[in-house]
2 protein chains.
Amino acid sequence: MPNTIHIGFLIYPDVTQLDATGPAQILSRMPGAVVHMIWKTEEPVRTDAGFSIMPTDTLESCPNLDVLCVPGGPGQKQLMDDEELLVFLRRQGEGARYVTSVCSGSLLLGAAGLMNGYKATCHWAFREMLPTFGAEPVAERIVKDRNRITGGGVTAGIDFGLALVAELTDEDTAKIIQLSVEYDPHPPFDTGTPEKAGPELEAQARSILENIQTSA
Amino acid sequence: MPNTIHIGFLIYPDVTQLDATGPAQILSRMPGAVVHMIWKTEEPVRTDAGFSIMPTDTLESCPNLDVLCVPGGPGQKQLMDDEELLVFLRRQGEGARYVTSVCSGSLLLGAAGLMNGYKATCHWAFREMLPTFGAEPVAERIVKDRNRITGGGVTAGIDFGLALVAELTDEDTAKIIQLSVEYDPHPPFDTGTPEKAGPELEAQARSILENIQTSA
């Protein structure tokens with residue numbers, strides 16, 4: 001039997017759920033993996049996509065994690081000075097084999113003091129905020145610096161999840177999981193970064209992101 | 001104000017959650033979109049990734065859908081002759097603008113009689129079962145035949161979601177949402193289809209898929 005690997009995703013009101021559910025799907029297929037969805041209470045947590053996820057653990061009941069992962073989302077703003085939560089992230093972050101994030105989750109790791117002196121990435125629209133927390137922004141989809149692994153915006157979580165499986169096990173396991181989820185992406189357009197999309201679409205994407213922030 | 005567009009995902013015990021949560025994230029950012037997660041009861045629905053999703057609607061309370069989407073998953077086997085559910089799918093499918101699926105969800109649409117005479121796709125491991133339901137299998141990531149739009153396995157739901165946004169609105173809206181979720185995929189490996197992965201990894205991926213089926 002493979003050893004148990006506890007992988008914990010923080011969730012919170014108005015989390016961008018795909019930041020967590022993408023890598024959770026990938027990582028759940030790794031031998032020995034146990035996926036945890038963690039929040040302060042056991043009540044359903046509403047996401048920014050119109051539905052709710054049930055926590056599996058609270059900050060107290062959560063076991064020591066092998067992998068801590070913080071997803072991004074509009075609700076994150078309310079947590080940047082939430083001492084109870086930051087204490088949890090610091091405690092788990094100190095013991096975890098990997099401290100990770102998807103999207104703007106790297107900023108919340110930063111607020112907990114866990115990114116100081118590390119290279120990191122973030123959603124393109126928020127990457128410039130990384131230096132506030134002593135992190136060095138890198139415009140790549142996945143950035144690994146020692147045991148910090150950060151992913152870019154939302155869908156980067158799938159690439160991140162596969163890279164993390166390869167780190168935790170081996171490349172063949174990651175390749176098999178990639179095949180099991182038929183990850184042979186064919187985006188219908190080529191507008192996945194501001195450089196590719198151009199300034200007009202970038203301005204409109206920023207407006208969508210602000211609307212999610214405001215309505216949440 | 002844009003018109004409301006009701007987009008409904010069937011969920012069920014041991015659904016492959018990314019089949020639904022991937023396109024739900026994309027579609028939720030479309031102006032006017034309301035995302036529904038639908039099951040028989042209002043209790044949390046456990047997914048095949050170790051956590052549960054809350055339904056937003058039951059079969060009875062669900063409004064008439066503009067888009068019906070059926071995700072795949074190991075729990076689907078139990079539903080193939082569930083008359084209450086098949087009646088729901090038929091009723092919604094007759095009124096919906098688009099009848100859609102991700103992964104093996106096309107087989108459940110088929111069981112409801114909704115794919116007879118249509119071209120369709122499915123997760124690569126289950127695609128050969130489509131003719132059982134009168135559907136013509138096509139080995140593509142997204143297949144559109146009249147108002148049926150079917151996606152391939154799991155992660156195909158993200159490409160599918162963007163293509164559907166373009167159908168329901170316009171290409172620019174889809175391009176802006178693609179940028180907002182930074183969908184510029186860089187898979188760490190090139191093993192997303194059996195043809196690319198080769199027979200040895202394919203055999204192991206089939207074994208993973210069977211294990212998910214068995215343990216669920």
Side-chain angles (χ1 to χ4, degrees), chain A residues 16-18 21-22 24-25 28-29 33-37 44 48-56 103 123-124 141-142 152-156 158-159 162-163 166 171-172 174-189 191-194 196-197 201-202 204-205 208-209 212, chain B residues 16-18 21-22 24-25 28-29 33-37 44 48-56 103 123-124 141-142 152-156 158-159 162-163 166 171-172 174-189 191-194 196-197 201-202 204-205 208-209 212:
Chain A
T16 296
Q17 56 85 22
L18 185 55
T21 56
Q25 190 71 53
S28 72
R29 296 193 173 181
V34 178
V35 167
H36 303 267
M37 292 282 174
D48 77 344
F51 65 92
S52 296
I53 293 176
M54 290 298 290
T56 60
C103 200
H123 188 293
W124 59 264
R141 200 153 168 88
I142 305 168
V154 195
T155 57
I158 294 171
D159 299 327
L162 289 166
E171 290 204 351
D172 264 6
K175 287 177 178 174
I176 292 161
I177 293 175
Q178 180 172 347
L179 177 56
S180 85
V181 296
E182 206 168 331
Y183 189 42
D184 178 40
H186 282 69
F189 310 103
T191 58
T193 65
K196 290 179 173 181
L201 294 183
E202 180 186 340
Q204 293 187 63
I208 279 192
L209 293 167
I212 300 170
Chain B
T16 296
Q17 55 85 22
L18 186 55
T21 56
Q25 190 71 52
S28 72
R29 297 195 171 180
V34 178
V35 167
H36 302 267
M37 292 284 173
D48 76 345
F51 65 92
S52 296
I53 293 176
M54 291 298 291
T56 59
C103 200
H123 188 293
W124 58 264
R141 199 150 168 90
I142 306 168
V154 195
T155 56
I158 293 172
D159 299 327
L162 288 166
E171 291 204 350
D172 264 7
K175 287 176 178 174
I176 292 161
I177 293 174
Q178 181 172 344
L179 177 55
S180 85
V181 296
E182 205 168 333
Y183 189 42
D184 178 40
H186 283 68
F189 309 104
T191 58
T193 65
K196 291 178 172 181
L201 295 184
E202 179 185 340
Q204 294 189 61
I208 280 193
L209 293 166
I212 300 172

Are B/Trp124 and A/Leu179 close enough, and set up right, to give a side chain to side chain contact (heavy atoms under 4.5 Å, CB included), and what steps lead you there?
CA-CA 9 Å; B/Trp124 58 264; A/Leu179 177 56; 3.5 Å; yes
Name the option with the most non-hydrogen atom pairs under 4.5 Å to chain B; the candidates are A/Met54, A/Gln178, A/His186.
A/Gln178
Honestly, the part of A/Ile53 sitting under 4.5 Å from a heavy atom of chain B is both
Looking at A/His123, A/Lys175, A/Glu202, which has the largest count of heavy-atom pairs under 4.5 Å with chain B?
A/Lys175
Does A/Gln17 use its side chain to pair, donor to acceptor, with the backbone of B/Thr21 at less than 3.5 Å?
yes
Looking at A/Lys196 and B/Asp184, is any side-chain nitrogen of the basic one under 4.0 Å from a carboxylate oxygen of the acidic one?
yes
Side chain, backbone, both or neither: which part of A/Thr56 has a non-hydrogen atom closer than 4.5 Å to chain B?
side chain
Checking A/Gln204 now: which residues fulfil side chain to side chain contact (heavy atoms under 4.5 Å, CB included) with it, not counting sequence neighbours?
A/Glu200, A/Leu201, B/Ile176
Could you check B/Thr191 against A/Tyr183 for side chain to side chain contact (heavy atoms under 4.5 Å, CB included), going step by step and ending with a plain yes or no?
CA-CA 8 Å; B/Thr191 58; A/Tyr183 189 42; over 6 Å; no
Minimal non-hydrogen separation, B/Ala205 against A/Ser180, with atom names
CB-N, 4.3 Å
If I compare all heavy atoms of B/Ala24 with all of A/Ala49, which pair ends up nearest, and what's the gap?
O-CB, 4.3 Å
Taking all atoms of both residues into account, what is the closest heavy-atom pair of A/Ala163 and B/Pro188, and its distance?
N-CG, 4.0 Å
Most chain A-contacting option - heavy-atom pairs closer than 4.5 Å, from B/Ile208, B/Leu162, B/Val35, B/Val181
B/Val181
Considering only heavy atoms, which portion of A/Arg141 lies under 4.5 Å from any heavy atom of chain B: side chain, backbone, both, or neither?
side chain
Out of B/Pro55, B/Gly50, B/Pro187, return the one with the most heavy atom pairs under 4.5 angstrom to chain A.
B/Pro187
Okay, B/Ala197 and chain A: the region with an atom under 4.5 Å from a heavy atom over there is side chain
Please look at A/Ala166 and chain B and tell me whether the side chain, the backbone, both or neither of the residue comes under 4.5 angstrom of a heavy atom of that chain.
side chain
Taking B/Val34, B/Thr16, B/Ile142 one by one, which has the highest count of heavy-atom pairs under 4.5 Å against chain A?
B/Thr16
Check B/Asp48 against A/Arg29 and note the closest heavy-atom contact, atom names and distance.
OD2-NH2, 3.5 Å
Donor-acceptor pair, distance only, cut-off 3.5 Å: does the side chain of B/Thr155 make one with the backbone of A/Glu182?
yes
Per-residue contact mode, A/Ser28 against chain B (heavy atom under 4.5 angstrom)
side chain
